[in-house]
Asker: 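Below is one structure. I have some questions about it.
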Amino acid sequence: MKRRGLELLLIGFGAVFLGVVVFSFRPGSRLRSRAASSAARVPSPRDAGPPTAFSSGFDFTESVSGKPLFRIQAKATAGFGGAAAAAGTGPDVYAGEGVTLTLYPDNGQPVTVESDRAEYDSRSRDAALSGNVRWRDDKGSIAETEKVVFRPAARALDMPSPLHFSRAGFDLKARSGRFDVERKILALDGPIDGSGGTAGRGPLSALHAAGGLYKKEEAIIELSGGVSASSGQGDALASDRLVLKTEEPGGRLAWARAMGSVHGVVGAERLPGGKGDGRPYAGDDAAFFFDPEGALTSLTLNGSPASAEEPDRKVTARTIELQFANGKAVTAKARGQVQVATGAQTAAADTGDLSFGEDGQVSSVTLAGEARLRGPGRSGSAERAVQVADKNMWVLTGDSRASAVVEQDGSKVSAPRIEIDDRTRLIRAEGGGVRAVLAPARDERANATLVGDPSKPTFGKAERMVFDQSARTATLSGGAALWQGASSLFGKDITLNDSERSVVATGQARAVLAPDAAAKRPEQRAPTVLLASRLIYREGPKGGDAPPSGEISLDGDVSALQGGRRANASAGSVTLGPDRRVQKVDLTGAVRLSDAAAGRTAEADHATDFPIEGRTILEGNPARATDRDGSRVAGAILTITEQGRRVEITAPAGGETQTIRPTRPDR
């Protein structure tokens, strides 16, 4: 009911104004003589003819139930010609100077329009204010133009001339505009140029758009159509729309939101290199937040995907939030389909967090939720991955469902925790239960493999593993084991050195060498088992297309077993042929042998066994052998051939051999 009444009264503004002026222009009016003295200062409308009446000191307020609807004030007024004036009912056009028009909406504070001049047409009921027109509201917003037309029926102020609008730190110039009194919205027709409310320091210092709105009640400035913003330091923004939120006191810029094809640069002056070296960003929309001094505190990007770039990396995600302090980026949070690209390396996860150092460079990256790494010749996966940028290191950790995994050049390692140190080119896997698959290499980089076929993968496990890519070594520590098929190697620690083509196992080392499945004799189809405190395998140079031969050195509590044959010694060595078969076993120091099949035991200082030939040589002072029936032989050298059926005895220099056969009772 109030709104309808106000509408009717505003439509009747012309009639009220007409009545007041007609009353003032009656013959004998006390205002007549004063108005006549100011006639020269009142301009004549172009099409209304000469003035017919004058007045001064005009001030009229229309109210309903004590509530003002509008107020019009003028220092001087004049009426001009027309049929109404001839009939004595008043002029068609009225003109005034020093005019103030105050509008009182249903809700909120009044709106005041001031001008040098004003014209009212009683036929159209429109009032035109011209000459240094100034529109202002209670929030301190000001619009300046050369002409404003008040249309009571539309409840609007039309501004057909170029206008200048300012609100706290905002200063905009537009081609024309229109203010909706009821909705309290100022529409700006472009092109629009101006400056933002960030004191020249942020990404919104200079503004350009095709059109805009100022929503008084919401304290919002909205720009649309080819929006662009920039700063003198190199910051930039481009979007389809830009919403700027101001708040009291002072109308400072609280936040801004850009929408549609958003892209730009932020933080240019804070990065090494200064102007022009900022962080490019892009998204479907972006939200900027500012502190009371106008400095940027955060930037949130949304998109499919949104992106933010650093000097050496690019982050993409559904949502990216950058936090700033003292003009510098301090953290970045990425959520949803996160990907971080650094050179040829990419990392992806469900979430990502970046931290920045004092120099503005990334100091750490944390990825969580199915984190995945990809790089030349290498990949990794984990529940969580952390990059320590200044150390050029990634730390991958698994969870109760799965271990962290790294694959490189066909090899694979899994563990609760894996470090990838690109600076030292080390991969460390630890946390217990470390597993590895070591892929075979070719040519000069071929692996030195004690167990199995060097052309096939070897499996490993330990409590901890370290892979040194520069030294080409792999160290397995704590319950270490390597195996391939029926071949295996165990030890407290195992080190593989591809550069030296060696394998070292220490701490109760145990090697199982797979037998020759095609061997004719049954004893040769049994695996060879070697035990020692330390085992060292060295592979000889590769000859042509044939696999290289190798030698195993054994030290401390040495044992060698094959089928029913067993030997113990202080030290020894085993020679392997190109076919990976045992060619020779050499034992020294308190050697003791037993052959269950032949029923023989022996002792010597030195023993050499040629298993393919079925020949064993024992040397000692003297060497001794005892058969199943108790017969004993002794000599400087005992040569056992024909699978133990023949023993040749060689006496020491200047000495004698000894043969003892037990006496059997007659039956």
Asker: Drop me the distance from L172's CG to D193's CG, to the nearest 0.5 angstrom.
Answerer: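 Here the rounded value is 9.0 Å.
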Asker: So, D158 and R178, do they make that salt bridge, N to O below 4.0 Å?
Answerer: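 Salt bridge flag = yes for R178 with D158.
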Asker: Okay, side chain of H208, backbone of A206: is any donor-acceptor separation there less than 3.5 Å?
Answerer: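 Checked: no pair found.
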Asker: Run through F290, W255, F289 and flag the one making a side chain to side chain contact (heavy atoms under 4.5 Å, CB included) with S298.
Answerer: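 So, applying the side chain to side chain contact (heavy atoms under 4.5 Å, CB included) to S298 and each of F290, W255, F289, only F289 qualifies.
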Asker: Rounded at 0.5 Å granularity, tell me how far CD in E407 sits from NZ in K412.
Answerer: 5.0 Å
Asker: Short question: side chain of R501, backbone of S499 - any donor-acceptor pair under 3.5 Å?
Answerer: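 Judged by distance alone, no pair lies under 3.5 Å.
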Asker: Identify the heavy atoms of A286 and V262 that sit nearest to each other, and give their distance.
Answerer: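 In this case the closest contact between A286 and V262 is CB-CG1, 3.8 Å.
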Asker: Only one of F150, F165, W135 passes ring pair (Phe, Tyr, Trp, His ring centres under 6.0 Å) with F179; say which it is.
Answerer: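 Passing option: W135.
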Asker: Would you find a donor on one side and an acceptor on the other, under 3.5 Å apart, between the side chain of R175 and the backbone of G190?
Answerer: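 Flag set: sc R175 to bb G190 pair under 3.5 Å.
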Asker: Can you see which heavy atom on I418 is nearest to which on A404, and at what distance?
Answerer: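 Where I418 meets A404 most closely, the heavy atoms are CD1-O, 3.4 Å.
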Asker: Mind checking the CG-CE spacing from D421 to M393? Nearest 0.5 Å is all I need.
Answerer: 4.0 Å
Asker: Thinking salt bridges, do E144 and R134 make one under a 4.0 Å N-O criterion?
Answerer: no
Asker: Could you give me the CA-CA distance, side-chain angles and deciding distance for D284 and N302, then say whether side chain to side chain donor-acceptor pair (under 3.5 Å) is met?
Answerer: CA-CA 6 Å; D284 298 333; N302 295 293; over 6 Å; no
Asker: Would you verify whether the NZ or CZ of R313 falls within 45 degrees of the ring axis of F356 while also being under 6.0 Å from that six-membered ring's centre?
Answerer: no
Asker: Heavy-atom distance under 4.5 Å between the side chains of L157 and V149, does that happen here?
Answerer: no
Asker: Ignoring hydrogens, what is the shortest heavy-atom contact between D350 and V338? Give both atom names and the distance.
Answerer: O-CG2, 3.5 Å
Asker: Regarding D353 and R335, does a basic nitrogen lie under 4.0 Å from an acidic carboxylate oxygen?
Answerer: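 R335 and D353: salt-bridged.
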Asker: So does R417 pair up with E419, basic N to acidic O under 4.0 Å?
Answerer: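 Answer for the salt bridge query: yes.
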Asker: Would you call E321 and K333 a salt bridge, using N to O less than 4.0 angstrom?
Answerer: no
Asker: For R384, what residues pass the salt bridge (Lys or Arg N to Asp or Glu O under 4.0 Å) criterion, not counting sequence neighbours?
Answerer: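 Here no residue qualifies.
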Asker: Could you check T246, V243, L244 and say which one makes a side chain to side chain contact (heavy atoms under 4.5 Å, CB included) with I220?
Answerer: V243
Asker: Apply the test side chain to side chain contact (heavy atoms under 4.5 Å, CB included) to residues L482 and I494: give CA-CA distance (whole Å), side-chain angles for both, the deciding distance (0.1 Å), then the verdict.
Answerer: CA-CA 8 Å; L482 294 171; I494 299 175; 3.8 Å; yes
Asker: Rounded to the nearest 0.5 Å, what's the gap from OG on S231 to CG on L237? Could you check?
Answerer: 11.0 Å
Asker: Side chain of S411, backbone of A439: donor and acceptor closer than 3.5 Å?
Answerer: yes
Asker: Apply the test side chain to side chain contact (heavy atoms under 4.5 Å, CB included) to residues I420 and V406: give CA-CA distance (whole Å), side-chain angles for both, the deciding distance (0.1 Å), then the verdict.
Answerer: CA-CA 9 Å; I420 304 173; V406 172; 3.8 Å; yes
Asker: Do the side chains of F170 and L207 get nearer than 4.5 Å, heavy atoms only?
Answerer: yes
Asker: Looking at A306 and I320, what are the two nearest heavy atoms and their distance?
Answerer: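 Closest approach of A306 to I320, heavy atoms only: O-CD1, 3.6 Å.
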Asker: Nearest 0.5 Å please: distance from the OG atom of S379 over to the CZ atom of R372.
Answerer: 11.5 Å
Asker: Hey, are R378 and D422 close enough for a salt bridge, meaning a charged N less than 4.0 Å from a carboxylate O?
Answerer: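 Salt bridge present between R378 and D422.
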Asker: How far apart are the C-alpha atoms of L223 and I192, what are their side-chain angles, what is the distance that settles it, and do they pass the side chain to side chain contact (heavy atoms under 4.5 Å, CB included) test?
Answerer: CA-CA 9 Å; L223 302 177; I192 297 174; 4.3 Å; yes
Asker: As a quick check of understanding, evaluate side chain to side chain contact (heavy atoms under 4.5 Å, CB included) for H164 and D171, giving each step before the final call.
Answerer: CA-CA 7 Å; H164 172 210; D171 195 281; 2.8 Å; yes
Asker: Closest approach of L396 and A382, non-hydrogen atoms and distance?
Answerer: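 Nearest heavy atoms, L396 then A382: CB-CB, 3.7 Å.
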Asker: Salt bridge between R401 and E383, side-chain N to carboxylate O under 4.0 Å?
Answerer: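 Yes, R401 and E383 are salt-bridged.
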